[in-house]
Amino acid sequence: MEFIDLRSDTVTLPTQEMREAMYKAEVGDDVYGEDPTINKLEEMAADMLGKEDAMFVTSGTQGNQVCVMTHTRPGEEIILEEKCHIITYEVGGLGYLSGVQARLIKGKHGAMNPEDIEAAIREDDIHQPRTSLICVENTHNRAGGTVIPMDVLQKTYEVAHKHDIQVHMDGARIFNAATYLKVPVKEIAKYADSVMFCLSKGLCAPVGSIVVGSKEFISRARKFRKMMGGGLRQAGFLAAAGIVALEKMTKRLQEDHDNARLLAEGLNTIPGIKIDMDTVQTNIVICDIGGLNMTGSELSRRLFEKGIRVNGGNSPSVRFVTHHGIEKQDVEKAIEAVKLIAKE
């Protein structure tokens with residue numbers, strides 16, 4: 001059976017153009033700084049995001065953790081939104097790798113209020129850890145792919161620098177945010193001292209993410225990347241796909257957003273399903289299926305039998321994600337499948 005896979009945009013496959021670029025890529029030893037394709041990708045990424053330098057990493061999680069390690073010292077504290085990726089999906093790396101503790105703030109649609117952030121910054125007190133970093137996630141995965149408003153980003157950045165604190169942005173899907181806001185991606189990145197973004201997910205590269213920041217920051221970050229086993233050799237094969245991702249795939253994300261909106265509107269008409277349409281901004285749709293009297297895993301199982309794959313757990317919630325390879329007719333089939341299950 002061929003499946004319509006709406007579990008995540010991590011299931012995207014490299015395009016034919018990417019495969020050909022990977023086959024023909026000129027490569028060298030990246031640890032020696034001699035891989036020309038890696039170097040080209042890093043220069044391109046730094047320029048697109050308006051930063052001095054960039055570094056290829058194997059994954060978004062590795063990129064986020066390297067950034068925290070570079071910004072902080074053991075015993076310090078960082079401020080994060082309570083359901084962000086760094087807290088929820090990175091295996092406790094903050095404590096294990098960086099030796100820092102987390103100060104969590106409840107956000108609205110994934111965005112922390114700058115006033116709440118300022119109130120959470122530690123005083124200069126011998127009993128308290130130093131607040132050394134603020135992390136934001138844009139778009140915010142668990143909030144439904146929501147985008148942090150530009151004025152909130154700006155105020156957060158101003159609060160941070162007022163207190164001599166750095167800002168790191170988990171921008172795994174930052175190009176989705178830029179597409180939604182209709183601004184160049186560097187307009188978003190300017191409100192962070194470091195940014196990690198994924199070349200995979202909606203951009204379709206098979207492996208890899210990028211960290212951008214100042215030259216001094218990236219120089220220090222390379223040490224931590226090496227420590228974590230991220231010093232790669234002939235990685236230009238991967239970078240070649242990343243170059244195509246930046247040149248071509250960043251320009252087609254509106255299609256995914258349109259399909260997500262179509263999916264959300266269709267699902268929201270089904271009795272027993274509720275969707276906060278204010279959160280349907282990019283390519284992620286979070287459904288409350290409490291009215292269907294089943295868990296997310298139950299709906300996931302029954303959709304699987306109809307050739308549709310989604311993510312659902314023990315709660316009455318299911319996540320659908322649109323991406324390259326998902327067409328309008330796939331969305332319509334998914335809506336009809338959920339309608340049939342709701343009537344059973």
Side-chain angles (χ1 to χ4, degrees), residues 7-11 54-107 110-112 117 120 129 131-146 148 156 165-177 192-203 205-213 217-218 220-232 284 286 311 313 315 317 319 321:
R7 288 174 299 168
S8 175
D9 47 11
T10 61
V11 304
M55 176 181 69
F56 181 84
V57 291
T58 58
S59 70
T61 294
Q62 185 182 68
N64 280 334
Q65 293 300 324
V66 164
C67 286
V68 174
M69 294 169 78
T70 307
H71 280 300
T72 66
R73 292 182 178 181
E76 294 180 337
E77 184 172 80
I78 70 175
I79 295 173
L80 313 96
E81 200 278 331
E82 65 176 359
K83 294 182 179 180
C84 71
H85 191 280
I86 293 175
I87 282 293
T88 309
Y89 298 116
E90 299 190 9
V91 207
L94 295 180
Y96 193 88
L97 298 170
S98 295
V100 297
Q101 69 180 28
R103 187 80 176 268
L104 303 182
I105 293 177
K106 182 178 180 62
M112 297 178 286
I117 292 173
T131 303
S132 58
L133 184 65
I134 296 166
C135 295
V136 297
E137 183 179 342
N138 197 20
T139 66
H140 195 290
N141 181 6
R142 289 195 65 189
T146 47
I148 301 177
T156 298
I165 297 169
Q166 299 285 285
V167 176
H168 170 66
M169 182 180 295
D170 174 354
R173 297 178 176 91
I174 194 173
F175 285 95
N176 291 90
D193 299 288
S194 62
V195 180
M196 181 286 297
F197 70 88
C198 293
L199 296 164
S200 56
K201 299 188 171 72
L203 303 189
V207 177
S209 295
I210 297 284
V211 169
V212 299
F217 177 83
I218 295 298
R220 288 188 290 117
R222 288 187 186 278
K223 289 267 191 178
F224 289 113
R225 184 187 69 168
K226 188 70 171 68
M227 182 191 297
M228 293 176 67
L232 302 178
I284 299 176
I286 305 292
N311 273 338
S315 69
S317 177
R319 187 184 78 158
V321 184

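- Considering only heavy atoms from C-beta on, Arg319 comes within 4.5 Å of Asn141 through its side chain.
- Minimum heavy-atom separation, Lys83 to Thr88: O-OG1, 3.4 Å.
- Between the OG1 atom in Thr72 and the CG atom in Leu133 there is a gap of 7.0 Å [rounded to 0.5 Å].
- In this structure, the side chain of Arg173 does not engage the main chain of Gly145 through any donor-acceptor pair within 3.5 Å.
- Within the 4.5 Å cutoff, no side-chain heavy atoms of Val66 are placed close to those of Val211.
- Closest approach of Ala120 and Thr131 over heavy atoms only: O-OG1, 4.3 Å.
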Ile105 vs Glu81, test: side chain to side chain contact (heavy atoms under 4.5 Å, CB included). Steps then yes/no.
CA-CA 5 Å; Ile105 293 177; Glu81 200 278 331; 5.9 Å; no

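- Shown here are the ring-ring contact (aromatic ring centres under 6.0 Å, His included) partners of His71, two or more places apart in sequence or in another chain: Phe217.
- Considering every non-hydrogen atom in both Val68 and Cys135, the closest pair reads CG2-SG, 4.5 Å.
- Considering CE of Met55 and SG of Cys67, their distance stands at 6.5 Å, rounded to 0.5 Å.
- Ser98 places no side-chain N or O within 3.5 Å of a backbone atom of Val100 that could act as its donor or acceptor partner.
- Closest heavy-atom contact between Ala192 and Val195: CB-CG2, 3.9 Å.
- Between Arg142 atom CZ and Ile284 atom CD1 the span is 12.0 Å, to the nearest 0.5 Å.
- Rounding to the nearest 0.5 angstrom, the gap separating the CE atom in Met112 from the CD1 atom in Ile117 is 4.0 Å.
- In the model, Ser194 has a side-chain atom that pairs as donor or acceptor with a side-chain atom of His168 under 3.5 Å.
- Applying the ring-ring contact (aromatic ring centres under 6.0 Å, His included) test to Phe56 and every residue at least two apart in sequence or in another chain returns nothing.
- In plain terms, the two heavy atoms of Leu199 and Leu203 that are nearest each other are O-CB, 3.2 Å.
- Looking at Asn311, its side chain does come within 3.5 Å of a backbone N or O of Arg7 through a donor-acceptor pair.
- Note: Met169 CE to Glu137 CD = 10.5 Å, rounded to the nearest 0.5 Å.
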Under the criterion side chain to side chain contact (heavy atoms under 4.5 Å, CB included), I'd like the reasoning laid out for Ile87 against Leu104: C-alpha separation, chi angles, the key distance, then a yes or no. CA-CA 9 Å; Ile87 282 293; Leu104 303 182; 3.6 Å; yes

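- To the nearest 0.5 Å, atom NE2 of residue His85 and atom NE2 of residue His140 are 10.5 Å apart.
- Although no hydrogens or angles enter the test, the distance criterion places no donor-acceptor pair under 3.5 Å between the side chain of Gln65 and the main chain of Leu97.
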Can you list the steps and then say if Ile78 with Ser132 is a side chain to side chain contact (heavy atoms under 4.5 Å, CB included)?
-> CA-CA 6 Å; Ile78 70 175; Ser132 58; 4.2 Å; yes

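- Of all non-hydrogen atoms in Pro129 and Gln101, the two that sit nearest each other are CG-NE2, 3.5 Å.
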### Query
Stepwise, does the side chain to side chain contact (heavy atoms under 4.5 Å, CB included) test hold for Leu94 with Leu80?
CA-CA 11 Å; Leu94 295 180; Leu80 313 96; 4.1 Å; yes

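- Between the Gln166 side chain and the Asp193 main chain, no donor and acceptor come within less than 3.5 Å of each other.
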